[in-house]
Amino acid sequence: MEIKVIARSQRRREFLYAVAMYYTKTLKLRRRKFAVTIQSIPGFFDKTGGYAAATLESEKHVEMHIDSKLGPLQIAEALAHEFIHVEQYALGKLGQYIRPNGEYGWLWEGKKNRCKYDNQPWEIDAYNRQKPLANKIINILNAG
C-alpha cells in the first residue's frame with residue numbers, strides 16, 4: 001500500500017504517516033495494491049461536521065481528509081475509523097456506484113445500500129472496531 005500525506009507542518013506529516021503505516025500493518029493492508037492520500041485540512045470539521053472522511057476516488061485510490069486541529073489521540077481514533085473503511089474498500093466489501101443523477105451511492109458486499117448513516121453496515125463495523133484499534137497505538141504513544 002502506498003501512503004501519501006499532505007500537511008502544512010513536517011511534524012504533523014510525520015505523525016499522520018506513522019499512524020497510517022501502523023494501521024496499514026495492523027489491518028494487514030501492506031501488500032494491497034492500493035494508494036491512500038491523507039490531507040490535513042484546516043476547518044474540515046466546520047465545513048463537513050466530521051473530523052475525518054475517506055472517499056474512494058478510483059478503484060485503487062482512497063482520498064482521506066482529516067481536520068488539522070485534531071490532537072494526537074483524536075487523530076489516532078479518526079484515522080482508525082477511516083482505515084477500517086480503507087480495509088473495507090480493499091477487501092471489496094464497500095464500494096460505490098454512480099446514480100443516474102450523477103451522485104454516488106454505496107455498495108455493501110456487492111448490494112446497493114440506502115440505509116441512514118447510523119444503520120450503514122460499514123459504519124457500524126468501523127465504529128465497533130475503531131476504539132480497540134486506536135487504543136493499540138495510543139498505548140504505544142503513552143509508553144514512549
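All values derive from a computational prediction rather than experimental measurement.
Under the 4.5 Å side-chain criterion, counting only non-hydrogen atoms from C-beta, Lys4 is not in contact with Ile38. The shortest side-chain heavy-atom distance between Pro42 and Arg8 falls under the 4.5 Å cut-off. Counting heavy atoms from C-beta on, the side chains of Asn113 and Trp122 come closer than 4.5 Å. Between Met1 and Leu27 the shortest side-chain heavy-atom distance does not fall below 4.5 Å.
Of the listed residues (Arg129, Lys28, Arg32, Arg30), just one forms a salt bridge (charged side-chain N to carboxylate O under 4.0 Å, His left out) with Glu87, and that residue is Arg129. When each of Thr37, Ile3, Val5, Leu79 is tested with Met64 by the rule side chain to side chain contact (heavy atoms under 4.5 Å, CB included), just one qualifies, namely Leu79.
Note that CG of Asn128 and NE2 of His81 are 10.5 Å apart. Values are rounded to the nearest 0.5 Å. Taken to the nearest 0.5 Å, the CD atom of Glu63 stands 11.0 Å off from the CG atom of Leu56. The CZ atom of Arg31 sits 10.5 Å away from atom NZ of Lys33, with the distance rounded to the nearest 0.5 Å. To the nearest 0.5 angstrom, Asn135 atom CG is 9.5 Å from Leu73 atom CG.
Within 6.0 Å of CD on Glu57 lie more than 12 heavy atoms contributed by other residues, nucleotides or ligands.
Scanning both residues, Val19 and Ala76, for their nearest heavy atoms gives CG1-CA, 4.4 Å. In this structure, Gly50 and Phe44 approach most closely via the heavy-atom pair O-CD2, 3.2 Å. Of all the heavy atoms in Ala126 and Gln88, the pair that sits closest is N-NE2, 4.2 Å. Taking both residues in full, the closest heavy atoms of Ile124 and Asp118 are given as CG1-O, 3.7 Å, listed atom of the first, atom of the second, then distance. For Gln120 against Cys115, the heavy-atom pair with the smallest separation is NE2-O, 3.5 Å.
Considering only residues two or more places apart in sequence or on other chains, Ala80 meets the side-chain contact (heavy atoms from CB on, under 4.5 Å) condition with Tyr23, Gln130, Leu133, Ala134. Shown here are the side-chain contact (heavy atoms from CB on, under 4.5 Å) partners of Lys69, two or more places apart in sequence or in another chain: Asp67. The side-chain contact (heavy atoms from CB on, under 4.5 Å) test applied to Tyr51 returns Phe45, Leu70, not counting sequence neighbours. For Phe15, there are no ring-ring contact (aromatic ring centres under 6.0 Å, His included) partners two or more places apart in sequence or in a different chain.
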With a 3.5 Å cut-off and sequence neighbours excluded, list the donor-acceptor pairs that the side chains of residues 89-106 form with protein atoms.
from   : atom 1 : to     : atom 2 : distance (Å)
Asn101 : OD1    : Glu103 : N      : 2.9

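Side chain of Asp125 to backbone of Pro121: no donor-acceptor contact under 3.5 angstrom is found. At distances below 3.5 Å, at least one donor-acceptor pair connects side-chain atoms of Gln74 with backbone N or O atoms of Gly71.
Follow the hydrophobic side-chain contacts under 4.5 Å out from Ile41 and you never reach Val36; the two are in separate clusters. No chain of hydrophobic side-chain contacts below 4.5 Å, direct or via other Ile, Leu, Val, Met, Phe, Trp or Tyr residues, connects Tyr127 to Phe83.
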> Could you go step by step and tell me if His65 and Thr55 meet the side-chain contact (heavy atoms from CB on, under 4.5 Å) rule?
Replying inline: CA-CA 9 Å; His65 298 140; Thr55 305; 5.7 Å; no
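Counting side-chain heavy-atom gaps under 4.5 Å among Ile, Leu, Val, Met, Phe, Trp and Tyr, Ile6 is found in no cluster with other residues.
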